[in-house]
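Report on one structure; see the data block that follows.
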Amino acid sequence: MNIAVIGAQWGDEGKGKIVDLLTRHVSVVARYQGGHNAGHTVNVGDAQFILHLLPSGILHPDVRCVIGNGVVVDPDALFAEIDTLAGQGIDVGDRLLISDKAHVILPYHRELEVLAEARRGDRKIGTTSRGIGPSYEDKVARRGIRIADLGDGSEGGPLAAAIRENVSARNRAVGGAEADWRVVHAEARAVWDRLARWVGDASLFLARAMEEGACVLFEGAQGTMLDIDHGTYPFVTSSNGTVGGICTGLGVGPRAIGGVLGIVKAYTTRVGEGPLPTELHGSMGDQLRESGREYGASTGRPRRCGWYDAVVVRYAVRVNGLDAVAVTKLDVLDALDEIPICTGYRYNGELLTEFPSNAAVLAACEPVYETLPGWSSPTAGVRRYEDLPPEARTYLDRIEAVSGVPIAIVSTGADRAETIVVRDGFIDRWRADAGVPVS
Ligand code: GDP
Ligand code: IMO
Ligand code: MG
C-alpha cells in the first residue's frame, strides 16, 4: 500500500521529518510537483540535511527516488544539491530517476520572476525567487523546455529554436543588457552530460516497480493552502501540492494512492505574503517564531506565526481526502500557559465553519477561538503517548475533534527519534497492509 504525505497548511509543516521516518517502510519515494522552492529538513542525530529538489528518501541507501513530470527542475540547483549531499556522505548514485517530461528552469526564469514581483509592488507574492512560477508559465503556454529536450545536441534543432524564442521574449521584457541566446543554449546543452544518466520514463518505472511489489511514498511539497487551485490564490505557488497532483505529476492512476497522511504543525506558519487568519503580530508571534525556529529552510526568511486553525485543516482534509494527520512541533508550545485553537471564522456577524474561496470574505473574517490550558511538564523529546502531560493529550484530542481527522503521529522534536506513532492508528494499519511487521 502506497502512502502520500501532504502539507495541510502553508508548507513547512515538517514533511521532511515525517517522510524520512516513513521511508524505512518503502522502497521508492517520489516527488510530484514544485521544485527547489521546497526545503525539507531531516535531522538524524547531529547531522542535518535539507532537501530541496531531491526526495527526502534519498538519505536511505536502499531507496530509489523519482522526480516526476510535474516537478520543475533547475539543473544547476540539482547538481549543487547532489554535491552538498555527497559532502555529507550521501551518494545519489543510480538511485535517482528524473522524468524526461519534467520542465526545466533556466536563468531567464529567475530574472523574469524578479521582474514580475517588482512590477506587482505592494501586491507582490513573496516568492522564493527560484524561477518556479515562470517555468510553469512556459509549460502551460506550451513553450517550455523539457528535460529530454536538453539531449538535443543539434546546433539548429528544436532546443535551439525554443531557447532563441524564449530569450528574445526575456530581452523584450527585462530591457537593459540583452542575454545572448547562444550562451544560454550552450549552457543548457552542457548540463546533459551529467544529467543524462538519471533521465527516463518515470511513469513506466513506477508502474513496473509497483507490479513487482514496491511500496511507494509520494512526497508532497508546499502545502494545501499554497496549491494553485485550492490555496489562497493568488498568494500561492504554481503547482498542485494537493493529492490530485500525484496522478498528473507522476503518471500514476488514483488507485496507486493507498493512504493519504496530512502534516500539520501544532500551530500555523506561513512565509511570503497573503492571508493568514490566525496570524499573531505582537510578542506572542515573536515567541512562537523563536521557540519554533521559524525561519525558511530555503530562503532563511522569518515565517509568520499564528495559532492552530482548524478551519484550514478541515479544508485540507476535504480537498485531499486525508486519512489521518501527523501533528508536529508540539514541543514548541511547551512554555505557554494557555493555547487558543481557531474553530471557525466570524464574518459579518455570522459564524463560518468552512474556509471561504472569496479573498474579500476571507480578509473580513475574524477567527473564533476556544482556549485550552497549557501543560505542566514539557513534551520535548517525549516518545510515548502515555508520557505526554494530560493537558497536552487534551490539546491533541481537541485538535482531532475540531479538525475532523484522526492523529496518527505526534512529533515532539526535530530528530527522527523524537516521535510518537499512535498505536493501532493509521500508520500501524498501513504498515501491516504494506507487509511491515508492527512492533
Ligand atoms: P517541510 O518543508 O514541511 O519539510 O518543513 P521544514 O523542514 O521547512 O520546516 C520544519 C522545521 O521544523 C525543520 O527545521 C524541522 O527540523 C523542524 N521540526 C520538525 N518536526 C519538529 C518537532 O516536532 N519539533 C521541533 N521543535 N522541530 C521540528
Ligand atoms: P516546503 O515544501 C513554505 C511559498 C513562497 C511564496 C509562495 C510562492 O518546504 O513546504 P514560489 O517560489 O513557489 O512561486 O512562491 O509559496 N512557498 C513555500 N512556503 N514552504 C514551501 O515549501 C514553499 N514553497 C513555496 O514563500 O509565498
Ligand atoms: Mg520547508
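Each ligand, and each atom within it, is numbered from 1 in the order the structure gives.
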Report yes or no: does Lys15 have an N/O/S atom closer than 2.8 Å to the Mg ion (ligand 3)?
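It does not; every qualifying atom lies at 2.8 Å or beyond.
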Which residue holds the protein heavy atom closest to [atom], what is that atom called, and what is the gap in Å?
atom: atom 9 (O) of ligand 1; value: Arg303 NH2, 3.5 Å
atom: atom 24 (N) of ligand 1; value: Asp331 OD1, 2.8 Å
atom: atom 27 (O) of ligand 2; value: Val271 O, 3.0 Å
atom: atom 12 (O) of ligand 2; value: Thr128 OG1, 2.5 Å
atom: atom 3 (C) of ligand 2; value: Asp12 OD2, 3.2 Å
atom: atom 8 (C) of ligand 2; value: Val236 O, 3.4 Å

So for [X], does at least one of its heavy atoms come nearer than 4.0 angstrom to any atom of ligand 1?
X: Gly11; value: no
X: Glu219; value: no
X: Gly39; value: yes

Check for me whether Arg130 has a heavy atom closer than 4.0 Å to any atom of ligand 2.
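No heavy atom of Arg130 comes that close to ligand 2.
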With a cutoff of 4.0 Å, is Arg270 in contact with ligand 2, counting heavy atoms of the residue only?
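Contact check Arg270 vs ligand 2: negative.
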Drop me the distance from Leu21's CG to Glu418's CD, to the nearest 0.5 angstrom.
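Between atom CG of Leu21 and atom CD of Glu418 there are 12.0 Å.
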Straight-line distance of Ile257 CD1 to Asn2 CG, nearest 0.5 Å
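With rounding to 0.5 Å, CD1 (Ile257) is 9.0 Å from CG (Asn2).
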Using 30° and 60° as the class boundaries, would you call the ring planes of Trp10 and Phe355 parallel, tilted or perpendicular?
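Trp10 vs Phe355 ring planes: perpendicular.
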Does Leu226 approach ligand 2 within less than 4.0 angstrom via side chain, backbone, both or neither, non-hydrogen atoms only?
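For Leu226, only side-chain atoms sit under 4.0 Å from ligand 2.
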Name of whichever N/O/S atom of Asp12 is nearest to the Mg ion (ligand 3)
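Atom name of the closest N, O or S in Asp12: OD1.
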